[in-house]
2 protein chains.
Amino acid sequence: MGSRFDAGAAIGGVLYKDVKHAILAALAEGEWKPGEAIPPERKLIERFGVSIGTLRKAIDELVAENIMIRHQGRGTFVATHRQEDHFFRFFRIVRQDGYREFPTVQLAKFRRAKADKEEAAALGLPLGEAVFRFTNVLSLEGRAVMIDAITVPAERFRTLTEKLLRERPNTLYNFYQDVFGINIIRTEERLRATLADEEDHELLGIPVGTAMLKILRVASSYQNERVEYRVSRLDTSDYEFALSQP
Amino acid sequence: MGSRFDAGAAIGGVLYKDVKHAILAALAEGEWKPGEAIPPERKLIERFGVSIGTLRKAIDELVAENIMIRHQGRGTFVATHRQEDHFFRFFRIVRQDGYREFPTVQLAKFRRAKADKEEAAALGLPLGEAVFRFTNVLSLEGRAVMIDAITVPAERFRTLTEKLLRERPNTLYNFYQDVFGINIIRTEERLRATLADEEDHELLGIPVGTAMLKILRVASSYQNERVEYRVSRLDTSDYEFALSQP
DNA sequence: TTACATTTGTTCGTATGTATA
DNA sequence: TTATACATACGAACAAATGTA
């Protein structure tokens, strides 16, 4: 059979997991949008026909995965990238003394292209599939320190244009949410060292051959759908990549 | 007032947090050692005078923080660094195709010294406090690729000797557990790029000026007690630092 | 300011299922 | 088979935070 709910994805066997996946499916179908409250627990236990404890256990996991946020007395909300905390969950560049600051972003390049081998592998697309490629230059304290070379599948970002990107009011991941209904909830990153090339010199004003941190990121949406591949290059003379475990 | 338990650290107000901290305190005092089972839930609810649900909520958090591991039908155990998973939680160096391998370690240097400014700040010690400094060279697939320069407070590692380090049978963090009763449960890492120097050339056989990944790590024990400062330098021509969120 | 309804958070306890020794 | 241990599911009662009349 499958789930005991209509929504789709389920394993059967563990009730709270079924509830969790039913909620995720409703989320993926756009029933509740980021920033909105989902129905109160009382309504949800009616809808799913489970006890309060079971429902809470399902939502507990969604909260632990940063997909939802609970506020006592207000309700349970679909997470947004608008919240400061959420932004710094994915933006891990910090001044070497620990100070965190919002970067300013400048769009440097934008074009439509066909996925090369690396992009196709990272995004799980066929080689040569249509993609958008664009480059952002990020500044901290007024100085350009990082280049983000970003690739997204054209299929999923059909209406993307350079103008839209340039005029977006808030963060990139928030823009993905608002305009394309894409919610980044997970990233995988790999870090290497490399030497600055001619492009780094032009965009950041650093000498060719400077040591740079190279960050390769694949960002995914609700169903582990890979929606963004990003290669960042950071000048680490004043800033660094910060990470805490757990 | 304080806690309603003897053990110490508590906030009062939220019962399951008190229970959690009481368990942590017992852990820090060595009542249960890594690898051992803690008493069954039945006993613990008697000891703390709380309900099963409250106890489980306390242990849930400890499990989420990788401090304990539950096994249905067997018991709840204090986490060890022996488990493979646990090792790769702190060792994040991976071949660029994703393959994970255990490194072989060679002790290259060992000496007693006084904490310099950087070490003192990282470990929260007074400047000039006695520390041990030692250097490991890590090899993957038989090739030396990373240098770990490690500093630990002599106070906390009183009986450490070069011989002990050289003859330790298993991983370093496991050695900390077994010999010093120190359990690393948390790390903070900062990553930068740098250029290979003369020491890198000597120990890894790479040309001076090669781009290298520099990782600064502070490792902490149960009560956020900082017990190890480590500066690693990785040749990222074949390997990389891998990271998944969440 | 107060009172009240709404919503999530905490604590309690019971019954049953599943894995292990 | 039996006993033990954790896992799941249920639901009641009260506390705390929030928004509104």
Side-chain angles (χ1 to χ4, degrees), chain A residues 3-5 10-24 26-27 32 35-80 83 85, chain B residues 1 3-5 10-24 26-27 31-32 35-80 83 85:
Chain A
S3 171
R4 68 201 81 178
F5 311 118
I11 308 94
V14 184
L15 191 48
Y16 80 87
K17 290 275 185 192
D18 287 355
V19 174
K20 177 185 170 187
H21 288 119
I23 294 173
L24 268 176
L27 229 39
W32 311 302
E36 287 181 10
I38 68 172
E41 295 173 341
R42 212 183 61 252
K43 298 271 184 189
L44 290 174
I45 66 180
E46 277 175 34
R47 168 164 170 178
F48 296 121
V50 299
S51 74
I52 179 68
T54 302
L55 176 76
R56 296 200 108 249
K57 191 155 183 178
I59 297 183
D60 280 349
E61 291 202 352
L62 295 168
V63 169
E65 292 165 24
N66 294 297
I67 294 171
M68 306 236 223
I69 299 174
R70 281 198 275 226
H71 293 289
Q72 187 175 355
R74 294 211 287 136
T76 302
F77 299 78
V78 183
T80 311
Q83 298 106 1
D85 293 358
Chain B
M1 286 275 317
S3 170
R4 69 202 81 180
F5 310 119
I11 307 94
V14 184
L15 191 49
Y16 79 87
K17 291 275 184 191
D18 288 353
V19 174
K20 178 186 169 186
H21 288 119
I23 293 175
L24 268 176
L27 228 39
E31 181 169 347
W32 311 302
E36 288 181 10
I38 68 172
E41 295 173 339
R42 214 184 59 252
K43 299 269 184 190
L44 290 176
I45 67 179
E46 277 175 33
R47 168 163 172 178
F48 295 121
V50 298
S51 75
I52 178 70
T54 302
L55 177 77
R56 295 200 109 250
K57 195 158 180 175
I59 298 184
D60 279 348
E61 292 202 351
L62 295 168
V63 170
E65 291 165 25
N66 294 297
I67 294 171
M68 305 237 219
I69 299 175
R70 282 198 274 229
H71 293 289
Q72 187 174 354
R74 294 211 285 137
T76 302
F77 299 79
V78 183
T80 312
Q83 298 106 2
D85 293 359

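Residue numbers start from 1 in every chain, and the chains themselves are labelled A, B, ... in the order their sequence lines are given, proteins ahead of strands.
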Margin query: Going by side-chain hydrogen bond (donor to acceptor under 3.5 Å, both in side chains), name the residues that satisfy it together with Asn66(B), two or more places apart in sequence or in a different chain.
Written below: none
Next item on the list: Take the protein atom CD1 of Ile45(B) and the nucleotide atom C1' of dT11(C), then report the distance between them rounded to whole Å.
Entry: 13 Å
Note to self: Using OP1 and OP2 only, check whether a side-chain N or O of Thr54(A) sits under 4.0 Å from dC10(D).
What the structure shows: yes
Check: Distance check: side-chain N/O of Lys57(A) vs OP1/OP2 of dT8(D), anything under 4.0 Å?
Finding: yes
Margin query: So, using side-chain hydrogen bond (donor to acceptor under 3.5 Å, both in side chains) as the criterion, who are the partners of Glu31(B) when residues are at least two apart?
Written below: Arg47(B)
Item checked: Strand contacts (DNA chain D) in residues 69-77 of chain A, 4.0 angstrom heavy-atom criterion -> Gln72(A), Gly73(A), Arg74(A)
Next item on the list: Provide, to the nearest angstrom, the distance between the CD atom belonging to Glu41(B) and the P atom belonging to dC12(C).
Entry: 14 Å
Note to self: I'd like to know whether Leu24(B) forms a side-chain contact (heavy atoms from CB on, under 4.5 Å) with Ile67(B), so could you lay out the CA-CA distance, the side-chain angles of the two residues, the decisive distance to 0.1 Å, and finally the verdict.
What the structure shows: CA-CA 9 Å; Leu24(B) 268 176; Ile67(B) 294 171; 4.0 Å; yes
Margin query: Both atom distances under 3.5 Å, Watson-Crick or G-U wobble: I'd like the secondary structure of DNA chain C as a dot-bracket string, with | for pairs made across strands.
Written below: .||||||||||||||||||||
Check: side-chain contact (heavy atoms from CB on, under 4.5 Å) with Leu44(A): which residues, sequence neighbours excluded?
Finding: Ile38(A), Pro39(A), Phe48(A), Leu55(A), Ile59(A)
Pairs of donor and acceptor atoms involving the side chains of residues 71-78 of chain B, under 3.5 Å and at least two apart or interchain, shall be tabulated with distances.
none

Check: Between dA9(D) atom P and Arg56(A) atom CZ, what is the distance in whole Å?
Finding: 16 Å
Check: Roughly, in whole Å, what's the span from CG in Leu44(B) to P in dT4(D)?
Finding: 17 Å
Next item on the list: Measure the spacing between NE2 of His21(B) and CG of Leu27(B) and express it to the nearest 0.5 Å.
Entry: 12.5 Å
Check: Ile52(B) CD1 to dA9(D) P: how many Å, rounded?
Finding: 16 Å
Margin query: Less than 4.5 Å apart, side chain to side chain, heavy atoms only: is that true for Lys57(B) and Leu15(B)?
Written below: no
Next item on the list: Please state how far atom CD in Glu46(A) lies from atom P in dG11(D), giving the value in whole angstrom units.
Entry: 12 Å
Next item on the list: Measure the distance from CG on Asp18(A) to P on dC10(D) and round it to the nearest whole Å.
Entry: 11 Å
Notebook entry, point to check: Just how far, in rounded Å, is C1' of dT4(D) from CZ of Arg42(B)?
Noted result: 8 Å
Notebook entry, point to check: Got a second to check how far Asp60(B)'s CG is from Arg70(B)'s CZ, nearest 0.5 Å?
Noted result: 4.5 Å
Notebook entry, point to check: What residues form a side-chain contact (heavy atoms from CB on, under 4.5 Å) with Glu61(B), not counting sequence neighbours?
Noted result: Tyr16(B), Lys17(B), Lys20(B), Glu65(B)
